[in-house]
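In what follows, chains are A, B, ... by sequence order, proteins preceding strands, each numbered from 1. Everything numeric here is computed off the predicted structure, so don't read it as measured data.
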2 protein chains.
Amino acid sequence: MDQLEIFKALSNKSRLQILQWLKDPELNFPEQEVYGFENGVCVGQIQQKAGLTQSTISEYLSTLQRAGLVESTRVGQWTYYKRNEAAFAALTKIIEKEL
Amino acid sequence: MDQLEIFKALSNKSRLQILQWLKDPELNFPEQEVYGFENGVCVGQIQQKAGLTQSTISEYLSTLQRAGLVESTRVGQWTYYKRNEAAFAALTKIIEKEL
DNA sequence: AATATATATCGGTTTTTTCCGATATCCCAA
DNA sequence: TTGGGATATCGGAAAAAACCGATATATATT
């Protein structure tokens with residue numbers, strides 16, 4: 001886990017917001033027909049809610065993924081993103097012990 | 001506590017390093033004559049160790065202070081900085097609950 | 001009052017980040 | 001096999017961050 005990369009990923013308003021939305025998909029996104037929220041939420045829904053362009057959101061999700069904070073699953077034409085809760089748990093430990 | 005401001009303060013290698021050094025001043029800095037490390041470590045010592053200019057370090061310490069991660073005490077011509085451990089504890093809670 | 005030392009602030013250059021539009025890729029359906 | 005929708009990638013303009021040197025301010029000493 002790269003501390004610096006994680007903190008950089010977290011130091012943007014939109015990316016923080018996305019992570020918070022993903023904490024409770026049922027609450028924050030309209031129903032998804034096929035998969036529920038098992039795999040997370042697809043890029044398009046996040047993009048709509050965030051009100052930024054598709055390319056920007058795609059990049060932001062990559063950034064979060066490189067930092068290990070989210071995971072993605074491709075299903076057909078859709079890519080679903082969900083939080084990686086283990087990474088958040090690890091992060092609190094980093095702050096408690098290393099920082 | 002402003003999440004975003006905290007994460008921005010943490011997303012710089014030198015500032016992270018400073019926080020780690022301040023975790024154990026006895027270990028990371030030469031003895032200070034008058035005050036021990038009660039009040040923390042003065043700017044000059046941090047600057048020397050970091051190998052950046054005085055102005056840069058002064059700014060970085062302000063950044064950390066604005067984020068609430070350190071506190072400063074002026075004693076004569078010196079300003080001592082030390083960690084605000086309460087802020088770190090609060091940060092782990094933010095990550096657990098809000099993030 | 002003059003000088004010296006420690007820190008803060010200011011102005012500027014270079015690098016990084018933020019965001020966009022355009023285009024490429026990938027997958028599905030007809 | 002072609003067209004359309006979803007996502008990724010690329011190139012770039014504008015804003016922010018990372019530094020620096022010069023200068024200002026505060027305190028202590030003489």
Side-chain angles (χ1 to χ4, degrees), chain A residues 2-19 22 29-30 32-35 37 39-67 69-82, chain B residues 2-19 22 25 29-35 37 39-67 69-82:
Chain A
D2 181 354
Q3 290 178 356
L4 189 54
E5 190 173 20
I6 293 175
F7 290 129
K8 280 185 180 173
L10 292 174
S11 62
N12 173 281
K13 205 168 189 173
S14 302
R15 288 192 298 264
L16 278 181
Q17 183 92 85
I18 290 170
L19 290 173
L22 289 180
F29 297 96
Q32 296 183 131
E33 348 218 306
V34 192
Y35 290 96
F37 292 107
N39 295 305
V41 181
C42 69
V43 179
Q45 307 241 347
I46 298 170
Q47 189 248 312
Q48 280 196 347
K49 180 132 182 163
L52 294 174
T53 62
Q54 188 272 320
S55 60
T56 297
I57 294 302
S58 181
E59 269 186 31
Y60 281 8
L61 290 169
S62 292
T63 298
L64 291 171
Q65 186 168 36
R66 273 194 306 277
L69 297 167
V70 301
E71 300 170 323
S72 71
T73 316
R74 181 112 203 186
V75 178
Q77 4 179 202
W78 292 275
T79 309
Y80 294 89
Y81 283 88
K82 68 174 170 188
Chain B
D2 181 353
Q3 292 178 354
L4 187 56
E5 191 173 20
I6 293 174
F7 290 129
K8 280 186 180 173
L10 292 174
S11 62
N12 172 282
K13 205 168 188 172
S14 303
R15 287 192 299 264
L16 278 181
Q17 182 92 83
I18 290 169
L19 289 173
L22 289 180
F29 297 95
E31 273 311 309
Q32 296 182 132
E33 345 213 309
V34 192
Y35 290 95
F37 293 108
N39 295 305
V41 181
C42 68
V43 179
Q45 307 242 347
I46 298 170
Q47 189 247 312
Q48 280 195 346
K49 181 131 183 164
L52 295 173
T53 62
Q54 189 272 319
S55 60
T56 298
I57 294 301
S58 180
E59 268 186 32
Y60 281 7
L61 290 168
S62 291
T63 299
L64 291 171
Q65 185 169 36
R66 273 194 305 277
L69 297 167
V70 301
E71 300 170 323
S72 71
T73 315
R74 180 113 203 185
V75 177
Q77 4 180 204
W78 293 275
T79 308
Y80 294 89
Y81 283 89
K82 68 175 170 188

Describe the nucleic acid contact of B/T63 in one word from base, sugar-phosphate, nothing, applying a heavy-atom distance below 4.0 Å.
nothing

In this structure, how many angstroms lie between the P atom of C/dA8 and the OH atom of B/Y80, rounded?
13 Å

Below 4.0 angstrom from OP1 or OP2 of C/dT9, is there any side-chain N or O of B/Y60?
no

In short, A/R15 meets A/N12 closest at the heavy-atom pair N-OD1, 3.0 Å

Between C/dT18 (C1') and A/L16 (CG): distance, integer Å:
15 Å

Name the closest nucleotide to the A/E59 side chain, picking from C/dT7, C/dT9, D/dT9.
D/dT9

Is any side-chain heavy atom of B/L19 closer than 4.5 Å to one of B/V70?
yes

B/L61 side, atom CG; B/R66 side, atom CZ - distance, nearest 0.5 Å
11.0 Å

Tell me the interatomic distance from B/E5, atom CD, to D/dA17, atom C1', rounded to whole angstroms.
14 Å

Roughly, in whole Å, what's the span from CG in A/L4 to C1' in C/dT16?
12 Å

Does the side chain of B/T79 get closer than 4.0 angstrom to OP1 or OP2 of C/dA8 through an N or O atom?
yes

Measuring from B/N39:CG to B/K82:NZ, what's the distance to the nearest 0.5 Å?
6.0 Å

Taking atom CD of A/Q65 and atom CD of A/E59, what is their separation to the nearest 0.5 Å?
13.5 Å

Any A/T56 side-chain nitrogen or oxygen under 4.0 Å from OP1 or OP2 of C/dC19:
no

Can you tell me the distance, in whole Å, between the NZ atom of B/K8 and the P atom of D/dA16?
8 Å

Starting at CZ of A/R66 and ending at P of D/dA8, how long is that distance when rounded to a whole Å?
12 Å

Heavy-atom closest contact (B/V41 atom, B/P25 atom, distance):
CG2-CB, 3.8 Å

Please give me the minimum heavy-atom distance between A/L64 and A/I18, naming the atom from each residue.
CD1-CG2, 4.3 Å

Give, ordered by number, those residues of residues 44-54 of chain B having at least one heavy-atom distance below 4.0 Å to an atom of DNA chain C; if nothing qualifies, reply none.
B/G44, B/Q54

Kindly say if A/N12 contacts the phosphate of C/dT17, meaning a side-chain N or O under 4.0 Å from OP1 or OP2.
no

Gap between atom NZ of B/K49 and atom CD1 of B/I57 - 0.5 Å precision:
12.5 Å

What is the distance, rounded to the nearest whole Å, between atom CG of A/L61 and atom C1' of C/dT18?
15 Å

Gap between atom CD of A/Q45 and atom OH of A/Y80 - 0.5 Å precision:
8.0 Å

Identify all pairs in which a protein N or O lies below 3.5 Å from an N or O of nucleotides 24-30 of chain D, and state each distance.
none

Separation between CG (A/L10) and CG (B/L4), nearest 0.5 Å, reads 9.5 Å

What is the distance from CD1 of B/I18 to C1' of D/dA18, rounded to the nearest Å?
13 Å

Given C/dT7, D/dA18, C/dC19, which nucleotide is nearest the side-chain atoms of A/S14?
C/dC19

